[in-house]
2 protein chains.
Amino acid sequence: MRGKKDMMSGDDIRNAGLKVTLPRVKILALLEQSEQGHVSAEDVYKLLLDAGEEIGLATIYRVLTQFESAGLVTRHHFEGGQSVFELDRGEHHDHIVCIKCGRVEEFFDQTIEDRQQEIAKEKGFSVEAHALTIYGYCKDPACRAS
Amino acid sequence: MRGKKDMMSGDDIRNAGLKVTLPRVKILALLEQSEQGHVSAEDVYKLLLDAGEEIGLATIYRVLTQFESAGLVTRHHFEGGQSVFELDRGEHHDHIVCIKCGRVEEFFDQTIEDRQQEIAKEKGFSVEAHALTIYGYCKDPACRAS
DNA sequence: CAACAAATGAGATGCTTTTGCATTCTGCCA
DNA sequence: TGGCAGAATGCAAAAGCATCTCATTTGTTG
C-alpha cells in the first residue's frame, strides 16, 4: 500500500511556482529513491556528490525549504542537531527513531490523533501541527540496550 | 497539586556529584522561581543579569547540561532554534506550544502513553524516551489564527 | 532567440552551543 | 583553620547548522 502519490515530477515543481531546474529535479528524485526516506540536507549533498551531481549546500537548503513551503516535503526536528526531510506523500504520520542506529520508522495512530485534539480543546488551543517522536532501540540485536 | 518535589536545593546539586557553587545554586533557584517554567540558556543568562548575577553563558550551558545528566532538568527541542530547559519534578508530561506567543502548557495523557508503548512493541522497539509537542494558537485572542 | 527574472554557487555571516585554557573557588584533610 | 588538589568558571575561540549576499548562470516567455 502506498500513499496518494507515488511519483513526483517536474510538474510538482512547476505547480509550486518554481522553475524546473536541474538541482530541484535531482533533489526531488533523490528524495523519491532514498532508502531511508528521511535525510538531512547534508545527506542530500553527499548522496548527490556520490551520484556525480555537484550541487551547493546552500542550494540544497534553499530548495528543501521551498519544497517544504510548497508542501512537497516535510521537515522534522529530531533530537541531535540537524533537520531531517522527507517527501510528503500526503499522509500524516509520526516517527519512532532508533537512538543507536538512527533507523526511522513511521506510524499513524488515530487514537493518539484524537486525544491530541481533545487535549488542545481542553486547553483552549487550536492545533496547527504536532510532532510525536518515540526514541528507543530497534529490533536489531546490535542496537538492543546494553 | 504539585509534583513529587517542590523544592530543589544544594543537596540536589551535591547528590549529583557536583560541587555546590554560586552559579549552580543561582541557576537552580532561577529555574525554580521561573514563571514560565520553560527557559532557554539565553533566558537564564538574561534573568540572572537582571538579578545582578553575572554568570557566563558558557557556564550556564555547562551547568544546564550537567543538571540534565543528573536528572534535575529536562531539555526540550521545540521548533525555532534554541533548546529550552525546565526543572524535572519527576513527572513526565508533554507540551502544547503557542506558535504565536510562545506560551507553553503541559499535559499528560495516559491513553497516549499506552498507545505509544503498543506501537513500539509492534515495531520491535524499546521505548527509552519520547517527545510529543502540539503546536497551535492559544486562547489569547491576540494569538488566534488570522 | 532575445531579454528578464529567477536560481545557483561560493563564501561570508549569524546563532546557538561547545571547547580550551588560565584563573579562581570548593571540599577535604591535616 | 590553613592549605592543597581537583573541580568549576570566564573568556574567547571554535564548531555545527542554516541562511544570506552577490556576481554569474539558467529557465521561461514573447
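The basis for the numbers below is simple: all heavy atoms, side chains too, and nothing from hydrogens, waters or symmetry mates. A, B, ... follow the sequence lines: proteins, then strands. Residue 1 opens every chain. Just so it is clear, the structure is predicted and the values come from calculations on it, not from any experiment.
- Computed from coordinates, the Tyr45(A) OH to dC17(D) P distance equals 14 Å when rounded to whole Å.
- Set against dT28(D), dT19(D), dC22(D), the side chain of Lys19(A) has dT28(D) as its closest nucleotide.
- Other residues, nucleotides and ligands contribute more than 12 heavy atoms inside 6.0 Å of the CD atom of Gln110(B).
- The pair Lys121(B)-Glu118(B) does not count as a salt bridge, with every side-chain nitrogen at least 4.0 angstrom from each carboxylate oxygen.
- Between Ser40(A) and dC17(D), a side-chain N or O to OP1/OP2 separation shorter than 4.0 Å is absent.
- Within the nucleic acid shown, Leu22(B) has no heavy atom closer than 4.0 Å to any nucleic acid atom.
- One atom, CG of Leu49(B), and another, C1' of dG10(D), lie 13 Å apart when rounded to the nearest Å.
- At a threshold of 4.0 angstrom between heavy atoms, the contacts of Arg62(A) include nucleobase atoms, whether or not backbone atoms are also involved.
- Think of the region where chain B sits on DNA chain C: with heavy atoms and a 4.0 Å cut, that region ends 5' and 3' at dT16(C) to dG27(C).
- Remark: Tyr61(A) is in phosphate contact with dA18(D), judged by side-chain N or O atoms under 4.0 Å from OP1 or OP2.
- As rounded to whole Å, 15 Å separates atom P of dA8(D) from atom CG of Leu28(B).
- Following rounding to the nearest Å, Glu68(A) (CD) and dA18(D) (C1') show an atom-to-atom distance of 13 Å.
- Between Thr21(A) and dT26(D) there is no side-chain polar atom (N or O) within less than 4.0 angstrom of OP1 or OP2.
- Taking the side chain as every heavy atom from C-beta outward, Phe125(B) and Arg103(A) approach each other to under 4.5 Å.
- Each of Val20(B) and Pro23(A) was assigned the nucleotide of DNA chain C with the nearest heavy atom; the assignment lying further toward the 5' end belongs to Pro23(A).
- In this structure, Phe67(B) places its CZ atom 12 Å from C1' of dA8(D), rounding to the nearest Å.
- Among residues at least two apart or in separate chains, there is no ring-ring contact (aromatic ring centres under 6.0 Å, His included) pair with a member in residues 14-36 of chain B.
- Each of Glu68(A), His76(A), Arg75(A), Glu42(A) was checked for a side chain to side chain contact (heavy atoms under 4.5 Å, CB included) with Ser83(A), and the lone residue meeting it is Arg75(A).
- Between the CD atom of Glu42(A) and the P atom of dG16(D) there is a distance of 10 Å, given to the nearest Å.
- Between the side chains of Ser40(A) and Asp43(A), at least one donor-acceptor pair of N or O atoms lies under 3.5 Å.
- Between the P atom of dT29(D) and the CG atom of Leu18(A) lies a distance of 13 Å, rounded to the nearest Å.
- Ring planes of Phe78(A) and His38(A): tilted class, angle from 30 to 60°.
- Nucleic acid contact class of Glu54(A) (heavy atoms, under 4.0 Å, all strands): sugar-phosphate only.
- One can place CZ of Arg14(B) at 14 Å from C1' of dA7(D), the figure rounded to the nearest angstrom.
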